[in-house]
Structures are given as structure tokens and as C-alpha cells.
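The block underneath contains the structure these notes are about, expressed in C-alpha cells.
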2 protein chains.
Amino acid sequence: MHVNDIDAGLGHPGLEPLPCTGARLRRLNRRTTVFYEQYLRPLGLRLTQYSVLVHLGSAPQALLELADRLEMDRTTLTRSLRPMIERGWVVASRGSDARLRLLSLTPDGLALRERARGQWVRAQRSLEAVLGRAFTCELNQRLEEALARIKPSLPEEN
Amino acid sequence: MHVNDIDAGLGHPGLEPLPCTGARLRRLNRRTTVFYEQYLRPLGLRLTQYSVLVHLGSAPQALLELADRLEMDRTTLTRSLRPMIERGWVVASRGSDARLRLLSLTPDGLALRERARGQWVRAQRSLEAVLGRAFTCELNQRLEEALARIKPSLPEEN
DNA sequence: GTCATTTACGTGCATACGCACTTTATAGCA
DNA sequence: TGCTATAAAGTGCGTATGCACGTAAATGAC
């Protein structure tokens, strides 16, 4: 087996646990991140930044709303936005509710997003070429299914 | 579809790219990491630290060798080890080749590793309960297969 | 209208990640 | 033996992550 197995027996009743799903996910996630970032690097974008870009638009959007859609920690997003604001891709403003920090893309940000989308298409096609299109489709479905069963931990619902 | 889709059409020849596999992987990885860490938190362990623990033993092992096995950046491992050394779980020493930093678990580290393994078993069983054992097994196989096809980017081979 | 609660957000701290560059030590060759 | 190439590791920097705590604004009970 190619991936290191994290499971040591431990005498206990019932079925043995399967090899560590989390380790495989982490490892595959790392490799695919590198894979996609090869295509985004020419644009000076990290994968996280790209994912923020594609979830932003011209319409102002509150930070928490964006964080929820990205399923990213609010405070992580705050800090991830800083370099994007400095580079003029994103603007932050305040509306009638002065608590909300409203975020939107600048024209530069919109243009970058389009270029980045083009690169993403190349990356995804390339990934499908490596994995096989049918396999990629199946994998997507399994990931989808797993996501449906493992709900995000929502601090707001506890 | 539950996961946000990162793909916008873009007119181009051939098949449309599938929805973003990387986004699904990242999202599922985040959720499962939270899932496993619920079980490791009582031991004061992050998932990364746990994965380092289970790849260490009493026998001294060079940093780069460990990093390769963990498929983790060498410099990341250097810094990840620091708190584990400070807490007395890991010791670093030099052998005949003074370049190599040899790492091994202390008795405390070994004891912690065993307790952590117990927690991992609980986490993995719990994950299998949520996803279904058969589905987890299938998912593991797909991840395995994808890992076999997407090789790690090895700086040493370039 | 006042004040406690809630909501949205920021910051401090620690871990995690990886690239570029530097340092130190070994290996290999003249 | 000495000098260069290579190997292993450390450090600076920037990004990424999330928890605990703090702050300001809005909400709601009275």
C-alpha cells in the first residue's frame, strides 16, 4: 500500500478500523493543491486567494457571509484579504450597518478573476487527463457524498 | 449541488471541465481534520503533530527522511518539531554524520503516541459510522487510486 | 430611552506551510 | 591534501489556519 498506514491494531472488539481516511485526504489535498497552484503561480495567486476571488464579485458582501460560503474561519479570511486589498484586487467598505465590512472586487480584481478562471480550466482539464475523466467524475461524486454526510462544524449552531 | 462550483463556462472546444475537484478535496479535508481533531484535542495534539508522532519511534531518524515519509516540507517539519521537542515528546541528536539531525520519541512521546492512537481509533470508527463503513472503504480506495496517479512533486528529482 | 445581549469584526498567539537564501558538513576528485 | 560540489539543515518572509479574547455597533427587553 502506497500511503503510510496510521492504524496500529490495538486489541478491541468488533471490526478493525479502516486505514486512516484523514491521512489520505490530507495527502491528496496537498498534492492537488500543488497541482492547481502550478497553473495559478504565473498570476501570483495562491489557491486560497483564488477561491476567495471566485466567491467575490462586484456586489458588496459581508465578511462573515463570504467566510461561510468559503467555509473558512472568519479570522482567517480577515487576514487572507489583507494582501488582496493591498494589491488592489479587493475593496472593503461600510454600509448602513456599520458593523459589517462589505467586500467586493475592484476592476483589477475582476480582470484577474477572469484570467485565473482560464488557468483553473487548464488545471482542471489537466487533472482530468491525469486521473482519467471518468475516475475524476466518480471521485467528485464520492467527495460530494462525503461532504453531504460530514456537515461543517458550525459554531453558530452550538 | 451542495458545494459551491468554481467553474464558469468559458467558451472553449471539447468537453466542459468537471466541477472543481480541488475545492471538494480542500473542503472535505477541512471537515475531516476538524472531525479527527475533536478526538485529539483532549491530548493537546493537532492532527499534524499526531501524524508526526505516528511516523516517529525510538529509533533515531533523520529529519529529511521523516519529512519525506510524511510528505511534508523539510522546513515545515523543522518548525513543527520545535513545540514537540519543548514539550519533551521528541529528542533531536547528532550522529556520526554531523549534518543529520536525528529524531526519536522520548518515553513520554511513546506514551503519548499510544494514547493518541487510541483516540485515532475512536475517531476513525466514528467517521466510519457517519459515512458508512462500505462507503468509507470505497472512498479510501478512490483516494488511494488518485494518490497513485498524482505523484508528489519531488524537488530532489528535478 | 436605557442597558444587557447579541452580532460582526479585529488582534494576539501558536501552529502550519513552502519558497529563497544561507550555513555547515561530508564526499569526491585533482 | 586541498578545493569544489553536494547534501542536510536552519532562517527570513509571506501566507494560511483557528482559538481565545476584546471592541464597537445594533438589537431587544423593559
Side-chain angles (χ1 to χ4, degrees), chain A residues 26-27 29-31 33-38 40-41 44-53 60-68 70-87 89 92-103 152-158, chain B residues 26-27 29-31 33-38 40-41 44-53 60-68 70-87 89 92-103 152-158:
Chain A
R26 282 160 58 78
R27 198 165 286 228
N29 181 47
R30 189 150 36 200
R31 290 196 202 170
T33 296
V34 170
F35 191 91
Y36 283 96
E37 286 192 342
Q38 287 172 357
L40 295 176
R41 181 174 298 274
L45 279 174
R46 309 291 297 268
L47 193 52
T48 300
Q49 296 175 330
Y50 172 67
S51 73
V52 172
L53 273 190
Q61 186 177 176
L63 188 141
L64 189 55
E65 183 190 340
L66 180 60
D68 283 346
L70 285 162
E71 205 168 304
M72 182 185 291
D73 187 88
R74 180 182 57 78
T75 67
T76 298
L77 181 55
T78 293
R79 282 180 258 246
S80 297
L81 284 169
R82 204 186 55 187
M84 304 180 72
I85 291 173
E86 285 172 357
R87 286 164 199 170
W89 303 335
S93 61
R94 302 276 173 181
S96 58
D97 188 336
R99 289 173 304 179
L100 278 59
R101 193 156 160 245
L102 300 174
L103 305 160
S153 50
L154 299 168
E156 54 265 47
E157 289 186 10
N158 297 341
Chain B
R26 281 159 59 77
R27 197 165 288 228
N29 181 48
R30 188 149 34 201
R31 291 197 202 168
T33 296
V34 169
F35 192 91
Y36 283 96
E37 286 193 341
Q38 288 173 357
L40 295 176
R41 182 175 298 275
L45 279 174
R46 308 290 296 269
L47 193 52
T48 300
Q49 296 176 330
Y50 173 66
S51 73
V52 172
L53 274 190
Q61 185 177 176
L63 188 141
L64 188 56
E65 183 190 339
L66 181 58
D68 283 346
L70 285 162
E71 205 167 304
M72 181 186 293
D73 188 87
R74 180 183 56 78
T75 66
T76 297
L77 181 56
T78 292
R79 281 180 257 248
S80 296
L81 284 169
R82 205 185 54 187
M84 304 180 72
I85 292 174
E86 286 172 357
R87 286 165 199 168
W89 303 337
S93 60
R94 303 275 174 181
S96 59
D97 188 336
R99 291 175 302 181
L100 279 60
R101 193 156 161 245
L102 300 174
L103 305 160
S153 51
L154 299 168
E156 54 266 45
E157 288 186 10
N158 297 341

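Within every chain, numbering begins at 1; the chains are lettered A, B, ... in the order of the sequence lines, protein sequences first and strands thereafter.
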- Find the distance L66(B):CG to dG10(D):P and express it as a whole number of Å. 12 Å
- Item | Interatomic distance where CG belongs to L77(B) and P belongs to dT15(C) [whole Å] | 14 Å
- Message: Taking side-chain hydrogen bond (donor to acceptor under 3.5 Å, both in side chains) as the cut-off, I'd like each qualifying pair that reaches into residues 73-82 of chain B, sequence neighbours left out, listed once.
- Response: D73(B)-T75(B)
- Could I get the full list of salt bridge (Lys or Arg N to Asp or Glu O under 4.0 Å) partners for R99(B), not counting sequence neighbours? D97(B)
- Does A67(A) have any side chain to side chain contact (heavy atoms under 4.5 Å, CB included) partners at least two apart in sequence or in another chain, and if so, which? L77(A)
- Can you establish whether the number of heavy atoms outside R41(A) located under 6.0 Å from its atom CZ is more than 12? no
- How would nucleotides 4-12 of chain C be written as a contact map, 5' to 3', with B for base contact, S for sugar-phosphate-only contact and - for no contact, using protein heavy atoms under 4.0 Å? ---BSBBBB
- L81(B) CG to dA14(C) P, in whole Å, measures 18 Å
- What is the distance, rounded to the nearest whole Å, between atom CG of L45(B) and atom P of dC19(D)? 16 Å
- Query: Any ion pair linking E71(B) and R26(A) (charged N to carboxylate O, less than 4.0 Å)?
  - Reply: no
- Query: Nearest-Å distance, CE (M72(B)) to C1' (dA16(C))?
  - Reply: 8 Å
- Just checking T48(A): base, sugar-phosphate only, or nothing, at a heavy-atom cut-off of under 4.0 Å? sugar-phosphate
- When all nucleic acid strands are considered with a 4.0 Å heavy-atom cut-off, which category describes T33(A): base, sugar-phosphate, or nothing? nothing
- Message: Using heavy-atom distances to pick each residue's nearest nucleotide on DNA chain C, tell me which of V34(A) and R82(B) is more 5'.
- Response: R82(B)
- Query: For R46(A), which residues count as a salt bridge (Lys or Arg N to Asp or Glu O under 4.0 Å) partner, sequence neighbours excluded?
  - Reply: E37(A)
- Note on the structure: note: R41(A), atom CZ; dC19(C), atom P; distance rounded to Å ~ 6 Å
- Message: Just the rounded figure in Å: distance from P of dG18(C) to CD of E37(A).
- Response: 9 Å
- Query: In chain order, what residues pass the salt bridge (Lys or Arg N to Asp or Glu O under 4.0 Å) check against R87(A), with sequence neighbours excluded?
  - Reply: none
- Message: Under 4.0 Å from OP1 or OP2 of dT15(D): is there any side-chain N or O of S80(A) that close?
- Response: no
- CZ of R87(B) versus P of dT15(C): gap in Å, rounded? 5 Å
